[in-house]
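What follows is a set of notes on a single structure, which appears directly below.
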2 protein chains.
Amino acid sequence: MDQVDRILAQWRSERPDLDVGPMGTFGRLKRLCDHLAAGLAEVYKAHGLSAASFDVLATLRRAGAPYALSPSALIGWTMVTSGTMTNRLDRLEAAGLIARRTNPEDGRGCVVALTEAGFALIEQVVGAHVANQHRLIAALPEDLRGAFDAGLRAWLAGFEDEMPRQAPRP
Amino acid sequence: MDQVDRILAQWRSERPDLDVGPMGTFGRLKRLCDHLAAGLAEVYKAHGLSAASFDVLATLRRAGAPYALSPSALIGWTMVTSGTMTNRLDRLEAAGLIARRTNPEDGRGCVVALTEAGFALIEQVVGAHVANQHRLIAALPEDLRGAFDAGLRAWLAGFEDEMPRQAPRP
DNA sequence: TCCAGTTATCTTGACGTCAAGATAAAAAGG
DNA sequence: CCTTTTTATCTTGACGTCAAGATAACTGGA
């Protein structure tokens with residue numbers, strides 16, 4: 001009997017005509033994501049980052065040398081709009097963690113690259129981030145993880161596999 | 001091989017020292033929640049609401065007659081800060097969907113109640129919302145739901161059961 | 001060559017959120 | 001009674017996000 005069960009009990013009392021079974025899944029998913037996001041933010045914050053800035057730096061880092069991608073490629077990896085990406089890049093550039101260079105092949109765009117400071121920072125934070133994920137997932141019993149991941153993958157596929165996401169270009 | 005698998009493959013190539021298994025779970029969870037939130041927002045938007053305003057109206061509705069709770073009780077149910085709740089209530093009050101009445105028992109607080117318009121609206125939207133949840137959960141195969149829910153409940157319990165959340169008071 | 005359509009990025013305006021602090025009233029202790 | 005502490009709500013300032021539109025540059029066909 002958790003908080004979500006209490007919510008469902010209220011609905012069943014007030015609106016017995018509704019089948020609120022799925023609402024339990026949605027409610028727990030939302031609350032779990034909120035808790036996990038808060039847990040991850042602790043590490044970001046400890047290094048002066050936010051989820052938004054970590055997201056960009058990590059995407060550049062894992063892309064491999066020379067740690068440079070176009071804003072479009074970053075948008076493709078991160079599921080945010082162009083306006084959001086512009087804002088993220090502005091802040092990271094002001095913080096000296098990335099640099100925008102002109103794209104010699106396309107005068108419309110630019111290339112976003114990690115600075116030395118940006119590389120050093122993300123290299124350090126990624127380790128702490130992964131350790132933090134191990135800490136947070138500990139609450140999910142090992143014997144349930146396989147089935148949980150299978151459900152997660154199947155459900156997500158219903159949203160992402162319809163239109164095979166094209167690999168973002170550099 | 002989905003987008004999250006591609007991300008993990010990049011990390012394994014760039015940072016083979018890291019165990020990024022949990023990152024797959026976190027990544028899919030985040031993306032799934034984003035897709036589901038977007039799917040739910042369609043219905044909210046069709047009725048002139050947002051997730052934030054639906055949240056408040058639904059909490060008041062399922063509380064039962066007289067559909068009135070204090071801001072503190074609403075905060076307890078919805079996991080947002082007091083500043084956020086003030087902002088939500090301001091907008092809903094301006095839209096004529098709720099009314100703040102003075103609390104005769106406590107001069108510091110107030111009581112938030114659904115107006116007639118607010119009740120009529122949420123009564124209609126809740127039905128569409130539940131139907132929408134049934135639509136969105138269809139992508140999760142039925143035979144995986146039980147195990148998925150079990151994992152969800154167990155993991156969430158790790159965050160919410162430590163400090164038994166006290167039932168919000170009216 | 002030149003123009004119409006497309007693409008890449010940025011700008012603007014509006015929301016929603018939080019942290020931290022302000023204000024006011026109730027409760028507790030002497 | 002007062003004074004102190006606690007509680008309830010609101011205010012402020014800063015972020016992060018999106019939708020819609022603006023700007024600039026590339027592209028392909030006439």
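What you see is a predicted model; the values in this text were computed from it and never measured. Proteins come first, then strands; the chains are lettered A, B, ... in the order of their sequence lines, and each starts at number 1.
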Of the nucleotides D:dC15, C:dC10, C:dT17, which one has an atom closest to the side chain of B:Asn87?
C:dT17
Ranking B:Lys45 and B:Ile75 by the position along DNA chain D of their nearest nucleotide, the one closer to 5' is B:Ile75
To the nearest angstrom, how far is B:Leu40 atom CG from C:dG16 atom P?
16 Å
Name the nucleic acid region contacted by B:Gly109, choosing base, sugar-phosphate or nothing; use a 4.0 angstrom heavy-atom cut-off, strictly under.
sugar-phosphate
In whole Å, what is the span from the CE atom of B:Met85 to the P atom of C:dT17?
9 Å
Test for a donor-acceptor pair under 3.5 Å between the base of D:dC10 and the side chain of B:Ser82, counting only N and O atoms.
yes
Rounded to the nearest angstrom, tell me the gap between atom CG in B:Leu74 and atom P in D:dA8.
13 Å
Just N and O in the side chain of A:Arg88: are any of them under 4.0 Å from OP1 or OP2 of D:dC15?
no
For A:Phe54 together with A:His47, are the ring centres under 6.0 Å from each other?
no
Heavy-atom closest contact (B:Ala63 atom, B:Leu69 atom, distance)
CB-CD1, 4.0 Å
Can you check the B:Leu49 CG to C:dA14 P distance for me, whole Å?
20 Å
Considering only NZ, NE, NH1 and NH2 on the basic side and carboxylate oxygens on the acidic side, decide whether B:Arg28 and B:Asp2 come within less than 4.0 Å.
yes
Please determine whether a side-chain nitrogen of the Lys or Arg among A:Arg100 and A:Asp90 lies less than 4.0 Å from a carboxylate oxygen of the Asp or Glu.
yes
Return the nearest nucleotide to the side chain of A:Arg100; candidates are C:dT17, D:dG16, C:dC10.
C:dC10
Given C:dC18, D:dT11, D:dG16, which nucleotide is nearest the side-chain atoms of A:Ala52?
D:dG16
Roughly how many Å is it from CG in B:Leu89 to P in D:dT11, rounded to a whole number?
12 Å
Taking CZ from B:Arg101 and P from D:dA8, how many angstroms apart are they, rounded to a whole number?
21 Å
Within the pair A:Ser70 and C:dA8, is there a side-chain N or O less than 4.0 Å away from OP1 or OP2?
no
To the nearest Å, how far apart are B:Glu42 CD and D:dA19 P?
11 Å
D:dC10 phosphate, OP1 or OP2: any side-chain N/O from B:Thr86 under 4.0 angstrom?
yes
Distance-only donor-acceptor check, side chains B:Thr78 and B:Asp55, under 3.5 Å
no
From the candidates C:dT17, D:dT17, D:dC15, the one with an atom nearest any side-chain atom of A:Thr84 is D:dT17
When you check the phosphate oxygens OP1 and OP2 of C:dC18, does a side-chain N or O of B:Thr81 lie under 4.0 Å from one of them?
yes
Just the rounded figure in Å: distance from C1' of C:dC10 to CZ of A:Arg91.
15 Å
